[in-house]
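Residues take their numbers from the sequence shown, with the count starting at 1. Counting starts at 1 for both ligands and their atoms, in listed order.
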Amino acid sequence: MSRKRVAVLISGRGSNMAALIEVAKDKTFPAEIALVVSNRPDAGGVATARAAGIATEVVDHSASGKDRAAFERALQGVLEKDRIDIVCLAGFMRLLGAGFVSQWQGRLLNIHPALLPAFKGLDTHKRALEAGAKIHGATVHFVVAEMDSGPIIVHGAVAVRDDDSEATLAARVLEVEHRIYPLALKLVAEGRVRVVDGRCLIDGVPVPDGASLGPGR
Ligand code: GRF
């Protein structure tokens, strides 16, 4: 089976993007990173992708002003030109409209730095600490029109320590992110993920290796 062509959409440093590029170097991985798209010309991840020999495009949202549809048409244009099969949002800080999202239904993934459905939105580590959460983590999910709400593909958990700061907690969650995004992409690219009644069922892998990443692992 040919490898799925993946575009990673970023707005910033791109460490999740780098983790996906790294794992996809292996020719037996079921997806290849064909393209990195940034909505910001100055995103650090663009240089990282170029250094790794990955094609990059900048679709600058500010060029479309407040016209989100125009931005999304431009985005769709570069994805189609490169015959992209799967889109991974990785620190991509633009909300995508219902039209774009429905065109990519089941092929559009996002990573969120909390155990959804807890702590949707921003400042997740600060809010988890303030709430006294004992377990925190990250989620890879399919994107739907409502923010941070799509079917959950993989969770990765970390234990919250009494002496954690936002920064120490964020660093441990980020390590988990870099493990679960490759895993989730692999499962989707292999066609193992079915969405039934808003829940992801994983075919052929009863307990996906690493999907139950928990404290101390
Ligand atoms: C990550 O924490 C991700 O979960 C969130 O934005 C951050 C992006 O970091 N959506 P990076 O650009 O992948 O390093």
Side-chain angles (χ1 to χ4, degrees), residues 6-25 31 33 35-52 54 56-61 75 86-96 100-101 104 108-130 133 135-158 160 164-188 200 210-211 213:
V6 173
V8 184
L9 272 52
I10 63 167
S11 301
R13 72 187 157 182
S15 72
N16 278 289
M17 170 210 77
L20 294 173
I21 290 173
E22 186 58 32
V23 74
K25 277 185 190 164
I33 309 306
L35 180 67
V36 166
V37 184
S38 174
N39 66 304
R40 300 176 57 107
D42 57 349
V46 173
T48 309
R50 283 191 189 133
I54 308 289
T56 61
E57 292 267 5
V58 172
V59 181
D60 188 346
H61 65 276
L75 199 52
I86 297 173
V87 175
C88 291
L89 307 183
F92 183 69
M93 302 304 284
R94 304 299 297 176
L95 287 177
L96 294 166
F100 184 90
V101 167
W104 287 93
L108 180 56
L109 284 62
N110 181 45
I111 187 154
H112 180 74
L115 292 172
L116 291 173
F119 306 120
K120 297 176 180 181
L122 299 173
D123 297 326
T124 53
H125 308 307
K126 180 166 180 279
R127 287 157 55 214
L129 286 172
E130 282 169 1
I135 302 283
H136 185 46
T139 308
V140 182
H141 64 97
F142 284 120
V143 176
V144 295
E146 195 186 334
M147 191 182 70
D148 299 334
S149 295
I152 293 164
I153 305 167
V154 180
H155 266 156
V158 302
V160 180
D164 259 328
S165 66
E166 214 180 315
T168 58
L169 185 55
R172 287 205 310 291
V173 171
L174 194 62
E175 276 178 34
V176 165
E177 293 186 35
H178 297 164
R179 285 150 65 194
I180 64 172
Y181 216 163
L183 171 62
L185 176 58
K186 179 173 189 287
L187 294 173
V188 172
C200 288
L213 298 169

I10 touching ligand 1 at heavy-atom level, < 4.0 angstrom: no

salt_bridge(E130, K126) N-O dist < 4.0 Å: yes

Distance from atom 8 (C) of ligand 1 to nearest protein heavy atom, with residue and atom: G91 CA, 3.6 Å

Candidate pair R50 and T56, rule side chain to side chain donor-acceptor pair (under 3.5 Å), full reasoning: CA-CA 7 Å; R50 283 191 189 133; T56 61; 3.1 Å; yes

Check: R179 side chain, L174 main-chain N or O, donor-acceptor pair, under 3.5 Å: no

Contact (N/O only, under 3.5 Å) between I111 and ligand 1: yes

Interfacing atoms of ligand 1 (cut-off 4.0 Å, heavy-atom, R13): 9 (O), 11 (P), 12 (O), 14 (O)

Check: N110 N/O within less than 3.5 Å of ligand 1 N/O: no

Pair H112-T124, side-chain donor/acceptor within less than 3.5 Å: no

Donor-acceptor contact present, side-chain D60 to main-chain R40, <3.5 Å: no

Polar contact flag for G14 and ligand 1 (N/O pairs, less than 3.5 Å): yes

Atom 2 (O) of ligand 1 - nearest protein heavy atom and its distance: E177 OE2, 3.1 Å

